[in-house]
Amino acid sequence: MLKFKKVKARYSEKKNTRTDRDVISYEDIPLDDYELEKTEISPEAIKRILIGVGIAIVAGLIVFAFSNRDKLTWDNISTWWTYEVLGNTGNGFPVNIVGSEVTASNIAVTQGRVAYASDTSFVTLNSTGSEVANIQLRYSNPVMKASGNKYLTYGLGGTEFQIYSFDEKLYAGEESENIFTGDIASNGVYCIVTEGNGYLSSLYVYNKNNNRIFKYSFSEYYITSVALNSDGSCGVACGITSEGGAVKTAVYILDFSKEEPKSIYTINGDSVIDCEYLGDNRVALIGQSASYIIKNGDENFVTNSYEDRTLANYCFNTDTQTYTIALSRSGDGRSCALLQYNNNGDNKCSIDTEYSAESISSYKGVIGVLDDNIVYVYNINGTLRKACRTGTGSKKLILTGENEVCILSANQIRRFDLNNASTDDTVIIQEN
């Protein structure tokens, strides 16, 4: 302590002995005094910094987990660990389909894992093409609905249905009337729409334990499409009827904790063919002459007219809460404009192409269309980033990444990276 005071005094004395300099240089300070002037970080300060960094990391993880809470479930994590970490031993793609046909609407890809319903079987594959489940179906006209790692299959016009996880059948059920449509949420809640037994249609909702939690009968409309929100607490049902020779659509917004609909919207002169939740409070509707957005609580809905163009194809993206439509400017379905909308109904992009849209898919900032066994992938600003052959018989395109594609063909499921497309089925023909 005495030494420190002595040094400090010597430094003060040296510093105050100024002659012809206006600026003091460290060259004026003895080396041992300069070392004393260096600032040292105390252990307490280092500890506080580490705690602050740790808190920031934990906060970031909490935000990430909250924004992806519907995906970071025990079921999803367990499936990933079991079939991607421990069981990732497939022989790769292409993989021949089981059965003789898979329709374009009966395939889904979740986190790289494929599930499909053929005319004979429900099949799941891990990300390397290894078969996980192969369960027999006995429907003459099978339909599959998917959400996360939960799947519903039913026979259109029949009475039987089944519920699956990624690796097993969970339940087999039967309704008393013929099934029109249905949907399933990622937590296992599902709904079935049937003929009404005295009504035009009836909607039944079941929890993950297969107990019925809601029923609603429709006396004025045939229900053609339904969708559940992320946790299966609410749903939308779209039905059609004819009035004065013109088609009329009703859209029912349902809360399954209440007996009566929260809202009923009417669309005159158009028939809605499909619907989906883009967030728990926004519903997108695809009609024959326009698309629509319904916001929970709003009296009116947003209409985006097709004008003089024909709907060629469409897709929903629940991750980005957008939907994309392909509108053809010609009678043969070619020369499609690709339009993407957010869940407010605002147009995010409009891309003019010379191609048809036999299938369409979106992934974050890219949109892809399938035309005559070639996939064309565009940036959202309209730049054609890739064009690649997908092999004969291609009928369904699913973008699983900005440069990753899953293709359903007549007899195979193919996957490839557009940046490394060198097989006979995937030859790059153009790149911008």
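Numbers here simply count residues along the sequence, with the first being 1.
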Within-4.5 Å side-chain heavy-atom neighbours: Leu152 and Ile192: yes
Verdict with reasoning, Tyr216 to Phe218, per ring-ring contact (aromatic ring centres under 6.0 Å, His included): CA-CA 7 Å; Tyr216 190 83; Phe218 304 86; 5.0 Å; yes
Expected output: side-chain Asn187 to main-chain Val189 donor-acceptor under 3.5 Å: yes
Any donor-acceptor pair under 3.5 Å from Ser118 side chain to Ser121 backbone: yes
Candidate pair Ile97 and Val95, rule side-chain contact (heavy atoms from CB on, under 4.5 Å), full reasoning: CA-CA 6 Å; Ile97 66 171; Val95 174; over 6 Å; no
For Cys388 against Phe416, the heavy-atom pair lying closest together: SG-CE1, 3.9 Å
Tyr171/Tyr164 under ring-ring contact (aromatic ring centres under 6.0 Å, His included): CA gap, chis, key distance, verdict: CA-CA 7 Å; Tyr171 182 74; Tyr164 315 88; over 10 Å; no
Flag, side chain of Thr181 to backbone of Val193, donor-acceptor distance under 3.5 Å: no
Atom of Glu175, atom of Tyr206 and distance for their closest heavy-atom approach: OE2-OH, 2.7 Å
Check: Ser291 main-chain N/O paired with Asn304 side-chain donor or acceptor under 3.5 Å: no
Cationic tip of Arg415 above Phe93 ring, under 6.0 Å, 45° of axis: yes
Gln340-Thr324 side chain donor-acceptor pair, cut-off 3.5 Å: yes
Asp280 side chain to Ser230 backbone, donor-acceptor under 3.5 Å: yes
Atom of Lys395, atom of Val102 and distance for their closest heavy-atom approach: NZ-O, 2.8 Å
Step-by-step ring-ring contact (aromatic ring centres under 6.0 Å, His included) determination, Phe256 to Phe214: CA-CA 6 Å; Phe256 301 141; Phe214 183 82; 5.0 Å; yes
Flag, side chain of Glu160 to backbone of Tyr139, donor-acceptor distance under 3.5 Å: no
For Leu228 against Gly232, the heavy-atom pair lying closest together: CB-CA, 4.5 Å
Side-chain donor or acceptor of Asp183 paired with backbone N/O of Cys191 under 3.5 Å: no
Pairing of Arg329 and Asp352 as salt bridge, 4.0 angstrom limit: yes
Arg309 side chain reached by Leu339 side chain, heavy atoms, under 4.5 Å: yes
Side-chain (Ser263) to main-chain (Ile253) donor-acceptor, under 3.5 angstrom: no
Side-chain donor or acceptor of Asn229 paired with backbone N/O of Cys234 under 3.5 Å: yes
